[in-house]
Amino acid sequence: MNKLSRDFYMGDTVTTARELLGKYLVRQMSGNMIAGRIIETEAYIGAIDKACHAYNGKVTPRTKTLYGPPGHAYIYFIYGMYHCMNVVTEPEGQASAVLIRGLDIVKGFDTAAGLRYGTVKLSPYQIRNISNGPGKLCMALDLTRELNGCDLLGDELYITDGLPGVDNVTWPVKATKRVGIDYAEEAKDFLWRFI
DNA sequence: TTCAGGATGTACT
DNA sequence: GTACATCCTGAAC
């Protein structure tokens, strides 16, 4: 397993979004580790994307991280109760990021279940829904604003191209329209969502 | 199995 | 005051 390098995040955001599929998001906590395969992403590019919080050079306390150097986590609070996690891409000064929308938990399932539901005994319905959405995966991995701006080349939260004992899986990549952003007008039609 | 409605903090008008 | 990169619950098919 190798951590993805800073260079990986430096390039084009849409390309990075596609390449993040199948990679592993790893969360290290005291004594516990949770890892999940990335199965769904979306690209957000501040300069030209009305859906992005930082569209047209907007800077707010919330979006500040987006302008920072690549390879950092941008975690924000939405709808009053949920978090979403992005990976900051492109060089410092470019407000671009890849939203992680879906994960397949491959390590530390019980720990993730405890964080998300408060129990390790889950119904099939709960197992299916443990991390198949941006808000859900943040609950399962305990991603909060505490980790906003966290360096993905550090030890607490990072992304690798493989894990010991876990087979890499590949499957056809689909590019689709993004969801939940109808207000963004023409930007909602960009094929920037990858499954 | 799908659907409508509510919860709720932050940022922007 | 309004809208938001969401999810869960409960009700109807």
Side-chain angles (χ1 to χ4, degrees), chain A residues 9 12-18 20-21 25 34 36 38-68 70 72-90 94-105 112-150 152 157 159 174-195:
Chain A
Y9 306 103
D12 176 69
T13 302
V14 177
T15 305
T16 306
R18 191 161 39 224
L20 273 173
L21 290 174
L25 180 65
I34 304 172
I38 297 171
I39 57 174
E40 190 173 340
T41 63
E42 279 183 18
Y44 284 84
I45 299 179
I48 60 171
D49 187 356
K50 286 183 185 167
C52 183
H53 296 154
Y55 171 62
N56 209 6
K58 261 189 303 191
V59 183
T60 69
R62 183 170 69 161
T63 62
K64 207 171 49 185
T65 312
L66 276 174
Y67 291 87
H72 286 243
Y74 167 49
I75 298 173
Y76 65 93
F77 203 44
I78 191 69
Y79 292 126
M81 357 170 61
Y82 297 105
H83 302 272
C84 293
M85 180 201 165
N86 298 245
V87 176
V88 178
T89 59
E90 307 201 18
Q94 303 288 319
S96 301
V98 176
L99 170 67
I100 311 294
R101 290 192 62 85
L103 275 188
D104 217 8
I105 307 283
L115 284 167
R116 175 134 157 63
Y117 296 112
T119 173
V120 299
K121 302 183 66 156
L122 304 185
S123 69
Y125 181 81
Q126 288 177 312
I127 291 173
R128 213 183 70 212
N129 288 291
I130 189 163
S131 61
N132 65 339
K136 303 180 210 178
L137 72 90
C138 285
M139 276 186 258
L141 298 209
D142 193 27
L143 302 175
T144 68
R145 276 175 299 178
E146 305 281 302
L147 284 167
N148 187 28
C150 172
L152 294 176
L157 182 66
I159 299 177
K174 274 194 294 192
T176 74
K177 292 180 186 182
R178 295 177 295 177
V179 297
I181 54 165
D182 287 346
Y183 66 93
E185 302 174 24
E186 76 275 2
K188 79 180 196 296
D189 290 330
F190 294 169
L191 297 179
W192 284 358
R193 178 180 178 211
F194 301 104
I195 310 178

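Treat the numbers as computed from the prediction; the structure is a model and nothing was measured. Labels below follow one simple rule: chain letters A, B, ... track the order of the sequence lines, proteins then strands, and each chain is numbered from 1.
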[X] [atom1] to [N] [atom2], straight-line distance once rounded to whole Å:
X: A:K58; N: C:dC4; atom1: NZ; atom2: P; answer: 11 Å
X: A:H53; N: C:dC4; atom1: NE2; atom2: C1'; answer: 7 Å
X: A:H83; N: C:dC7; atom1: NE2; atom2: P; answer: 12 Å
X: A:N86; N: C:dT6; atom1: CG; atom2: C1'; answer: 14 Å
X: A:Y79; N: B:dT10; atom1: OH; atom2: P; answer: 16 Å
X: A:E40; N: C:dC7; atom1: CD; atom2: C1'; answer: 15 Å
X: A:M81; N: B:dT8; atom1: CE; atom2: C1'; answer: 6 Å
X: A:Y76; N: C:dT6; atom1: OH; atom2: C1'; answer: 9 Å

Base, sugar-phosphate, or nothing: which does [X] touch, judged by heavy atoms less than 4.0 Å apart?
X: A:I181; result: sugar-phosphate
X: A:F77; result: sugar-phosphate
X: A:R145; result: sugar-phosphate

*Could you go through the side-chain contact (heavy atoms from CB on, under 4.5 Å) check for A:L143 and A:L157 one step at a time?*
CA-CA 9 Å; A:L143 302 175; A:L157 182 66; 3.9 Å; yes
*Name the one of A:V98, A:I195, A:V179 that satisfies side chain to side chain contact (heavy atoms under 4.5 Å, CB included) with A:E42?*
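The side chain to side chain contact (heavy atoms under 4.5 Å, CB included) with A:E42 is passed solely by A:V179 among A:V98, A:I195, A:V179.
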*The side chain of A:P61 lies closest to which of these nucleotides: C:dC7, C:dC4, B:dA11?*
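When the side chain of A:P61 is considered, B:dA11 is the closest of C:dC7, C:dC4, B:dA11.
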*Could you please name the option among B:dA11, C:dC8, C:dT6 that lies closest to any side-chain atom of A:R116?*
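Of all the options, the side chain of A:R116 is nearest to C:dC8.
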*Taking the nucleotide of DNA chain C with the closest heavy atom to each, which residue, A:V179 or A:Y117, is nearer the 5' end?*
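The answer here is A:V179.
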*Find out whether A:I39 and A:N132 are in side-chain contact, i.e. whether some heavy atom of one side chain is under 4.5 Å from a heavy atom of the other.*
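No, their side chains stay 4.5 Å or more apart.
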_Please determine whether side-chain contact (heavy atoms from CB on, under 4.5 Å) holds for the pair A:I45 and A:W192, giving the CA-CA distance in whole Å, both sets of side-chain angles, and the decisive distance to 0.1 Å._
CA-CA 10 Å; A:I45 299 179; A:W192 284 358; 4.0 Å; yes
*asked:* Counting only side-chain nitrogens and oxygens, does A:R178 get under 4.0 Å of the OP1 or OP2 atom of C:dT6?
replied: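 For A:R178, the contact criterion (side-chain N or O under 4.0 Å from OP1 or OP2 of C:dT6) is not met.
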*asked:* Within a 6.0 Å radius of atom CD on A:E186, are there more than 12 heavy atoms belonging to other residues, nucleotides or ligands?
replied: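 Enclosed: over 12 neighbouring heavy atoms sit under 6.0 Å from CD of A:E186.
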_A quick test of your reading: do over 12 heavy atoms of other residues, nucleotides or ligands sit less than 6.0 Å from NZ of A:K174?_
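Result for NZ/A:K174: open.
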*Aromatic plane relationship, A:F77 with A:H83 - under 30° parallel, 30 to 60° tilted, over 60° perpendicular*: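 Aromatic pair A:H83/A:F77 classed tilted.
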*Canonical and wobble pairing (Watson-Crick, G-U, under 3.5 Å) of DNA chain B, dot-bracket with |*: |||||||.||||.
